*Asks:* 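Below: one structure in structure tokens.
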Number of protein chains: 2
Amino acid sequence: MVQKQEYLSKNQKIVLDHVEKANQPLKAYSILYNVQKKGLKAPLQVYRALDKLVEIGKIHKIESRNAFVACKNSNCIVSNATAFSICESCEKVTEINNSKLSKYLSNFEDNSGMKYSKYNLEFFGLCKKCKNK
Amino acid sequence: MVQKQEYLSKNQKIVLDHVEKANQPLKAYSILYNVQKKGLKAPLQVYRALDKLVEIGKIHKIESRNAFVACKNSNCIVSNATAFSICESCEKVTEINNSKLSKYLSNFEDNSGMKYSKYNLEFFGLCKKCKNK
DNA sequence: AACGCATTGTTATATTATAACATTATTATT
DNA sequence: AATAATAATGTTATAATATAACAATGCGTT
Ligand SMILES: [Zn+2]
Ligand SMILES: [Zn+2]
Ligand SMILES: [Zn+2]
Ligand SMILES: [Zn+2]
């Protein structure tokens, strides 16, 4: 039997490194531009690395922004249970780490008969800084 | 003073009509293709109508799918508080109308000092049908 | 009529993402 | 070590999604 991958490949490391160093979401093509000096020449190389990193929870995609951010919750137990706050003025994005919220949402059921295995939540508003302007 | 728009323009009506008749999310270019017989020839005409319709809550964007769906909550009080369930197998999307959930999320606060004015939540899983396959 | 503003029409272009195919690397099994 | 299975890479081209820029029109208000 083939084991699940437990290491990161060269391209995956390069992309993750770059995304982790940023403290804001990055666009795929901005990542591409910045890792070209490291040998990743084509969009697909970045997208493939991102796909894998998202799959294993090291990176999350901010869907409303088409941007990618490194996971801030160690070990990323919550890769299938993500929540973010997004400032609509300065675009600052923060990963929300709130166990009550994640418990509430992970246990959420409605009358649809559907059992949810995953969710993504994005809150919008003005951050402290922008509110006081 | 100019009043806030309370009617829909020609293009907006055409697009909304079309989206309402579908009971699934539609892609912008599929909408375009289907309303070309009604005179909307260019992507921008569709995107502009969609923008406005999203703004006033008649239509919601399913961010993880880049697709648009008509609001199912009458009067759309919740245009800034949206929740959807998405089947990862058949891609069926349902707007969740659950007052406990919306109350919980609308009142959610964390220690970031941010007051959220809007949220979008997407649940993923398998719908009843797909689960029993 | 004159103004302000939303909407429209149009062409071009930017941005985001995937298809297809050949090759190489890694790990597991024999 | 050879084989097979799986994952990752490299590359070119193209698909899908979305916006810029600018001119024109429609409509309610003054
Ligand atoms: Zn995370
Ligand atoms: Zn801000
Ligand atoms: Zn709605
Ligand atoms: Zn289904």
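Per chain, numbering begins at 1; letters A, B, ... match sequence-line order. All values reported here derive from a predicted model rather than from experimental measurement.
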*Asks:* Ignoring hydrogens, what is the shortest heavy-atom contact between B:Val19 and B:Leu26? Give both atom names and the distance.
*Replies:*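 Taking every non-hydrogen atom into account, CA-CD1, 4.0 Å.
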*Asks:* Starting at the 5' end of DNA chain C, which residue's closest nucleotide do you reach first, B:Lys10 or B:Pro43?
*Replies:*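 The 5'-side residue here is B:Lys10.
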*Asks:* Look at the side-chain N and O atoms of A:Lys52 and state whether any lies under 4.0 Å from the OP1 or OP2 oxygen of D:dA8.
*Replies:*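 Result: yes.
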*Asks:* I'd like to check the side chain to side chain contact (heavy atoms under 4.5 Å, CB included) partners of A:Tyr29; sequence neighbours left out, ordered by chain and number.
*Replies:*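 Scan of A:Tyr29 (side chain to side chain contact (heavy atoms under 4.5 Å, CB included), adjacent residues dropped) gives A:Leu32, A:Pro43, A:Tyr47.
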*Asks:* Where along residues 20-41 of chain B does a heavy atom come under 4.0 Å from DNA chain D, residue by residue in number order?
*Replies:*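 Listed by number, they are B:Lys27, B:Tyr29.
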*Asks:* B:Asn11 and B:Ser9: side-chain donor and acceptor closer than 3.5 Å?
*Replies:*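 Short answer, no.
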*Asks:* I'd like a table of atom pairs between the protein and nucleotides 21-26 of chain C - only N or O on both sides, under 3.5 Å - with the distance next to each one.
*Replies:*
none

*Asks:* B:Leu44 side chain: which of C:dT10, C:dG9, D:dA18 is closest?
*Replies:*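 Comparing C:dT10, C:dG9, D:dA18 against the side chain of B:Leu44, the answer is C:dT10.
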*Asks:* Rounded to whole Å, please give me the gap between CG in A:Asp51 and P in D:dA7.
*Replies:*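 Result: 14 Å.
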*Asks:* Any side-chain N or O of A:Ser9 less than 4.0 Å from the OP1 or OP2 oxygen of D:dT9?
*Replies:*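 So the side chain of A:Ser9 is within the cut-off, an N or O lying under 4.0 Å from OP1 or OP2 of D:dT9.
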*Asks:* Could you check how far CG of B:Leu50 sits from C1' of C:dT7, rounded to whole Å?
*Replies:*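 Computing the B:Leu50:CG to C:dT7:C1' distance gives 15 Å.
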*Asks:* Does the side chain of A:Lys61 get closer than 4.0 angstrom to OP1 or OP2 of C:dA17 through an N or O atom?
*Replies:*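 It does, given that an N or O in the side chain of A:Lys61 lies less than 4.0 Å from OP1 or OP2 of C:dA17.
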*Asks:* For a quick test of reading the model: is some side-chain N or O of A:Asn66 closer than 4.0 Å to OP1 or OP2 of C:dA17?
*Replies:*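 For C:dA17, OP1 or OP2 has a side-chain N or O of A:Asn66 closer than 4.0 Å.
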*Asks:* Do A:Arg65 and A:Glu122 sit within salt-bridge range, that is, some charged N less than 4.0 Å from a carboxylate O?
*Replies:*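 So A:Arg65 does not pair with A:Glu122 through a salt bridge.
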*Asks:* From CG of A:Leu8 over to P of C:dT27, roughly how many Å is that when rounded to an integer?
*Replies:*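 Atom-to-atom, A:Leu8 to C:dT27, this comes out as 13 Å.
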*Asks:* I'd like to know if the side chain of B:Asn98 pairs up with that of B:Tyr104 as donor and acceptor (distance under 3.5 Å, no hydrogens or angles considered).
*Replies:*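 Checked: B:Asn98/B:Tyr104 side chains show no N/O donor-acceptor pair below 3.5 Å.
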*Asks:* A:Gln12 CD to D:dA7 P: how many Å, rounded?
*Replies:*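 Atom-to-atom, A:Gln12 to D:dA7, this comes out as 11 Å.
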*Asks:* Under 4.0 Å between a side-chain N or O of B:Gln45 and OP1 or OP2 of C:dG9?
*Replies:*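 True: B:Gln45 side-chain N/O within range (under 4.0 Å) of C:dG9 OP1/OP2.
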*Asks:* Applying side chain to side chain contact (heavy atoms under 4.5 Å, CB included) to B:Ile86 and B:Phe124, what does each step give before you reach the verdict?
*Replies:* CA-CA 5 Å; B:Ile86 302 173; B:Phe124 304 91; 3.6 Å; yes
*Asks:* For A:Lys41 and A:Gln36, work out which heavy atoms get closest and say how close.
*Replies:*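 Residues A:Lys41 and A:Gln36, closest heavy atoms: O-NE2, 3.7 Å.
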*Asks:* Would you kindly give the OH-to-P distance between B:Tyr47 and C:dG9, to the nearest whole Å?
*Replies:*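 Rounding to the nearest Å, OH of B:Tyr47 and P of C:dG9 are 18 Å apart.
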*Asks:* Output yes when at least one side-chain N/O atom of B:Asn11 is less than 4.0 Å from OP1 or OP2 of C:dA6, else no.
*Replies:*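 The answer is no; no side-chain N or O of B:Asn11 sits under 4.0 Å from OP1 or OP2.
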*Asks:* Tell me the closest heavy-atom pair linking B:Met114 and A:Ser85, and the distance in Å.
*Replies:*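 Result for this residue pair: SD-OG, 3.8 Å.
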*Asks:* Answer yes or no: is there a side-chain heavy-atom contact under 4.5 Å between A:Lys129 and A:Cys87?
*Replies:*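 Sidechains of A:Cys87 and A:Lys129: no contact.
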